Amino acid sequence: MGPMTVRATFALLCFLLMPIGAQALVYPELTAPNARFYPLYDHTVHAQALVEAIDTAEPGDHIDFLYYLITADRRIGLPVIEALRRAANREVHVRVLTSDIANIYMDRSGWDIQLLTDKSLATPIQFTKFGGWRNWFHGLGFNDALHEKLVLIRGPAGVKVAFFGGRNLDHNETFLDLAFIVKPLNVTSSSLCDQLWQVFEDRWDTVQRLFQPLRLRRTAPRTAQIAAESHTSLSPKQVREIPSPEQVQDMDGVRRFMASAGVDAEPVPGELRPAAAQVITNEMLGNARTGIFSRTLLGRARMPDDIEFKAEEILLSEKMIYLMSMIASFSPRLMGALKIAMQDALLRIYSNGRKAARLVVPRGVSYMVSLSAFIDLFKTPYPRGNLEVRLMAPDARYNFMHLKGIYTPRLALLLTSNLNSQSVANNTEMAIVVNDPVFAQAMLEDITRRVEPLFHELDCETALSDYETESTLFRRVLNFFVSMFY
């Protein structure tokens, strides 16, 4: 059987299997989304908020946990894992779905997986990893990474609270990031949280039907001992004894938001209530049809993607655009839209910088790979002042920008996607479109207050100088690395 016959056979199988996979891509816009948003910027506060929310789950409740990356880091991931274990021991039904990329980051001994797959729990956690070796799925044209970050806590009446955004649960607590707590105003009514739940159900159902769940290797007799020892084996570098005043203030706001409930509840400072919102996802087997005959990442990047289409629509229709991405290796479609947008709109791009840290992964990788896109944009003729590229300048609190999103005075596109070719071609992603000027203006003000002071502007001369410092071979190796993992 020749190579073309093999590829044709796989293509036929993909067409046959497609109805089993994702169906809804663009959910209906809710003009009364019945939702309250609370933004979270700090990694540690986000993890603590997750733990406290999980601890509120009652016997019989459900916790749905979809994360691109979760590790048993003793400051961020482990407290969340232990909270999930406590919930399972209270007879809460817990499902955890993560991408196979987690294999690279999880503890080499596998004890973080053991904590999640411990059969001695009162209600064992259902734990599944999507995929095998990434290249295997990449070659067949499947999405090879679940890149969403979504947590749902559900009771008998519906979703009580959801966490959504671009933040992973790993050791990178000094990343500047953005996630949202989303709560329905009325749990018994249809809400945006129901659309988020449908995303999880779709991903879970597709993985369970088409891909073999993780086989439990053993009961892990040392699980209890490991959990008991986890808090006594911290090195000084892993412990930040006293939270910063900003973290204390942020956590106080989170607790007030979590305690506030009901349609008539007064808004908590920092809380946002959108007038219209909808969820957009991409199809889990979306590039199986279009990507299987393509031998290159560029070919797969041309596949239909509703999140990319929405981003393009925003870029071509708005007059003031704040775009945030950890890495500016934009897809060809979005690069074209950016060049058009620069002609009559103010475009401000936030990303990572620091040539001095170019060899530090992933900060330096982000900057070096992004430079080619920045230079391309700078060299495109545009009215003076329409383009600003602003780079992260690490300070004592944050040293890497992991923000993702597009914000304008009229609307906000909240993302898990980095808007690069990898996100379009090979990742499952999701987004929330908030079509509300009040929400959008509040987010722009919050971003300007919290984020703007941490950035400095990049000019074309500096970009060219930094780009030409490195060899062609070095840049090619970086581009290959990014195409595999970002």
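In this text the structure is predicted, and so the values were computed from the model without any measurement. Basis for what follows: all heavy atoms, side chains included, without hydrogens, waters or symmetry-related copies.
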Exercise. So, Tyr68 and Asn427: side-chain donor and acceptor under 3.5 Å apart, yes or no?
Worked result: no

Exercise. Do the ring planes of His46 and Tyr67 sit parallel (below 30°), tilted (30 to 60°) or perpendicular (above 60°)?
Worked result: tilted

Exercise. When you measure from the side chain of Ser325 to the backbone N and O of Asn418, does any donor-acceptor pair fall under 3.5 Å?
Worked result: yes

Exercise. Tell me, do Leu415 and Leu413 make a side-chain contact under 4.5 Å, heavy atoms counted?
Worked result: yes

Exercise. Could you walk me through whether Asn420 and Val369 pass the side-chain contact (heavy atoms from CB on, under 4.5 Å) check?
Worked result: CA-CA 11 Å; Asn420 60 342; Val369 172; over 6 Å; no

Exercise. Is there a donor-acceptor contact under 3.5 Å linking the side chains of Glu148 and Thr428?
Worked result: yes

For this session: For atom CD of Glu201, decide whether the heavy atoms of other residues, nucleotides or ligands shown that lie under 6.0 angstrom number more than 12.
Result: yes

Problem set entry | Salt bridge flag under 4.0 Å for residues Asp250 and Arg450 | yes

Problem set entry | CD-CG distance between Gln441 and Leu411, expressed to the nearest 0.5 angstrom | 11.0 Å

Seminar exercise, completed: Rounded to the nearest 0.5 angstrom, the CG-CE distance for Leu146 and Met430 is 12.0 Å

Exercise. Taking 4.0 angstrom as the limit, do Asp252 and Arg256 come out as a salt bridge?
Worked result: yes

For this session: Give a yes or no on whether the backbone of Val92 and the side-chain of Asp61 come within a donor-acceptor separation of less than 3.5 Å.
Result: no

Seminar exercise, completed: Interatomic distance, CD1@Ile321 vs CD1@Ile314, rounded to 0.5 Å, equals 8.5 Å

Problem set entry | Ring-face cation of Lys183 near Tyr38 (centre distance under 6.0 Å, axis angle within 45°) | no

Problem set entry | Whether His402 and Phe400 hold their rings parallel, tilted or perpendicular, with breakpoints at 30° and 60° | tilted

Exercise. Measuring from Asp177:CG to Leu403:CG, what's the distance to the nearest 0.5 Å?
Worked result: 6.0 Å

For this session: Supply the atom-to-atom distance Tyr322 OH to Glu452 CD, rounded to the nearest 0.5 angstrom.
Result: 6.5 Å

Problem set entry | Residues Glu429 and Thr416: side-chain donor-acceptor under 3.5 angstrom | yes

